[in-house]
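Presented below is the structure to which this report refers.
Along the sequence shown, residues are numbered consecutively beginning with 1. Just so you know, these numbers come straight off a predicted model, no measurement behind them.
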Amino acid sequence: MKITYWSDYACPYCYIGEERLKKAIESIPEMKNVQLEMKAFQLDPSAGEHAVSDTQTRFADKYGISFEAAGRQIENISQMGIAEGLDFQYASTLFTNTMDAHRLTKLAQSKGNPALTERIISALFKAYFTDNKELADKALLQSIGEACGLDAAEVREVLNSDRYRDEVISDENEAFQNGIHAVPFFVVGKYGISGAQSVEGMKATLQKALEQETEAGMEQGMSCGLDGCRIG
């Protein structure tokens with residue numbers, strides 16, 4: 001079975017949702033050979049190369065809430081990540097453009113090595129949510145690529161060019177054409193999982209897909225779109 005999903009490295013629910021998906025997969029013996037394919041979805045394609053404000057201020061401005069309320073929401077999301085075993089430091093993240101991070105992911109995917117791709121994806125999420133690095137930093141991406149097993153020269157060539165940019169944009173266009181405007185969004189057979197569902201919720205959908213039921217369904221959870229993260 002193949003699971004295709006759209007995600008962005010700056011989306012907290014994507015990090016949480018992917019961790020929950022892995023746990024759901026691990027709990028189903030029949031899914032030990034599942035294939036995962038991440039597709040790109042930039043929450044803000046216009047974001048710059050450097051963070052221009054702290055997370056709490058940006059959150060408050062995005063949702064039109066007080067600075068204090070934003071802090072509480074951020075802490076709640078962080079605790080969700082921590083509950084999944086992630087070192088989740090959402091309050092101190094540095095939001096920047098994620099195009100190059102997605103292009104690096106495309107380079108990894110081109111090698112046909114799922115373990116390599118997973119190392120890249122995990123390292124990029126960790127860099128943003130745990131180490132609080134700017135994902136538009138080409139030196140950071142170069143280091144991540146090399147550490148995960150990509151050829152240093154090829155990583156440098158990709159980062160200093162527009163290679164894989166069209167593929168990233170194609171992923172996003174595909175999402176919009178299919179009515180996907182928020183992430184994470186997982187496609188499992190004929191079923192869709194919108195947002196960071198619980199592990200049990202994801203497991204139930206995975207089992208339905210395994211049973212090859214004919215009617216399509218969609219489960220909804222917390223997600224992030226172009227207008228921000230849906231937190232209610």
Does some side-chain heavy atom of Lys2 sit less than 4.5 Å from a side-chain heavy atom of Val188? no

Here the pair of heavy atoms bringing Pro114 nearest to Gly112 is CD-O, 3.5 Å

So does Lys133 get a backbone contact from the side chain of Asp131, meaning a donor-acceptor N/O pair under 3.5 Å? no

With side-chain contact (heavy atoms from CB on, under 4.5 Å) as the test, pick out the partner of Lys106 among Ile120, Asp166, Val168, Thr117. Val168

For a quick test of reading the model, state the closest non-hydrogen atom pair linking Ala10 to Thr98 and the distance between them. CB-CG2, 4.2 Å

Distance-only side-chain donor-acceptor flag, Asp8 / His102, under 3.5 Å: yes

Measure the shortest side-chain to side-chain distance between Phe59 and Ile65 over non-hydrogen atoms and say whether it is less than 4.5 angstrom. yes

For Lys39, is there an ion pair with Glu37 - N to carboxylate O distance below 4.0 angstrom? yes

Are the aromatic ring centres of Phe41 and Phe176 under 6.0 angstrom apart? yes

Within the 4.5 Å heavy-atom criterion, are Arg156 and Gln142 side-chain neighbours or not? yes

Would you say the side-chain atoms of Ser66 pair up with the backbone N or O of Ala69, donor to acceptor, closer than 3.5 Å? yes

Any sub-3.5 Å donor-acceptor pair from Ser27's side-chain atoms to Ala24's backbone N or O? yes

Tell me, do Ser7 and Phe125 make a side-chain contact under 4.5 Å, heavy atoms counted? yes

Nearest heavy-atom contact between Leu124 and Ala101 is CD1-O, 3.7 Å

Identify whether Met1 and Leu21 are in the same connected component of the hydrophobic contact network (ILVMFWY, side-chain heavy atoms under 4.5 Å). yes

Got a donor-acceptor contact below 3.5 angstrom from the Glu172 side chain to the Gln42 backbone? yes

Closer than 4.0 angstrom, basic N to acidic O: yes or no for Lys23 and Glu200? no

Between Lys22 and Glu118, is there a salt bridge with N-O shorter than 4.0 Å? yes

Within the 3.5 Å criterion, strictly below it, is a donor on Asn173 or Ser170 matched to an acceptor on the partner's side chain? no

Quick check against the 3.5 Å criterion: does Glu84 have a side-chain atom that pairs as donor or acceptor with the backbone of Gln79? no

Can any side-chain N or O of Asn97 pair as donor or acceptor with the backbone N or O of Pro45 at less than 3.5 Å? yes

Determine whether Leu206 and Phe186 make a side-chain contact, defined as any pair of heavy atoms from C-beta on separated by less than 4.5 Å. no

If I take atom CD from residue Glu167 and atom CD from residue Gln109, how far apart are they, to the nearest 0.5 angstrom? 10.0 Å

Within this structure, what is the CZ-CD distance for the pair Phe88 and Glu19, rounded to the nearest 0.5 Å? 10.5 Å

Tell me the closest heavy-atom pair linking Pro184 and Ala196, and the distance in Å. CG-N, 4.1 Å

Are Met99 and Leu107 grouped together when hydrophobic residues (ILVMFWY) are joined by side-chain heavy atoms under 4.5 angstrom apart? no

Ignoring hydrogens and geometry, is there a side-chain-to-backbone donor-acceptor pair from Gln35 to Ile3 under 3.5 Å? no

Side chain of Arg163, backbone of Val158: donor and acceptor closer than 3.5 Å? no

Can you hop from Val199 to Phe185 via hydrophobic side chains spaced under 4.5 Å? no

Using side-chain heavy atoms (C-beta onward) and a distance below 4.5 Å, is Leu104 in contact with Val155? yes

Separation of Gln56 CD from Asp61 CG (nearest 0.5 Å): 11.0 Å

What distance separates Asp100 CG from Asp137 CG, expressed to the nearest 0.5 Å? 10.0 Å

Over 12 foreign heavy atoms within 6.0 Å of CD, Glu157: yes

Show the nearest heavy-atom pair for residues Ala127 and Ile144, with the distance to one decimal. CB-CD1, 3.9 Å

Would you say Thr55's side chain and Thr93's backbone share a donor-acceptor pair under 3.5 angstrom? yes

Output field: ring centroids Tyr9/Tyr128 closer than 6.0 Å: no

When every non-hydrogen atom of Ala91 is compared with those of Ser78, the smallest separation belongs to N-OG, 4.3 Å

Taking side chain as C-beta onward, heavy atoms only, is Ile121 less than 4.5 Å from Leu36? no

Is the closest basic N to carboxylate O distance between Arg103 and Asp162 below 4.0 Å? no

Within-4.5 Å side-chain heavy-atom neighbours: Lys203 and Met31: no

Give, for atom OG of Ser92 and atom CZ of Phe129, the distance between the pair rounded to the nearest 0.5 Å. 10.5 Å

Would you say the side-chain atoms of Trp6 pair up with the backbone N or O of Asp171, donor to acceptor, closer than 3.5 Å? yes

Distance check, rounded to the nearest 0.5 Å: Tyr5 atom OH versus Ile180 atom CD1? 13.5 Å

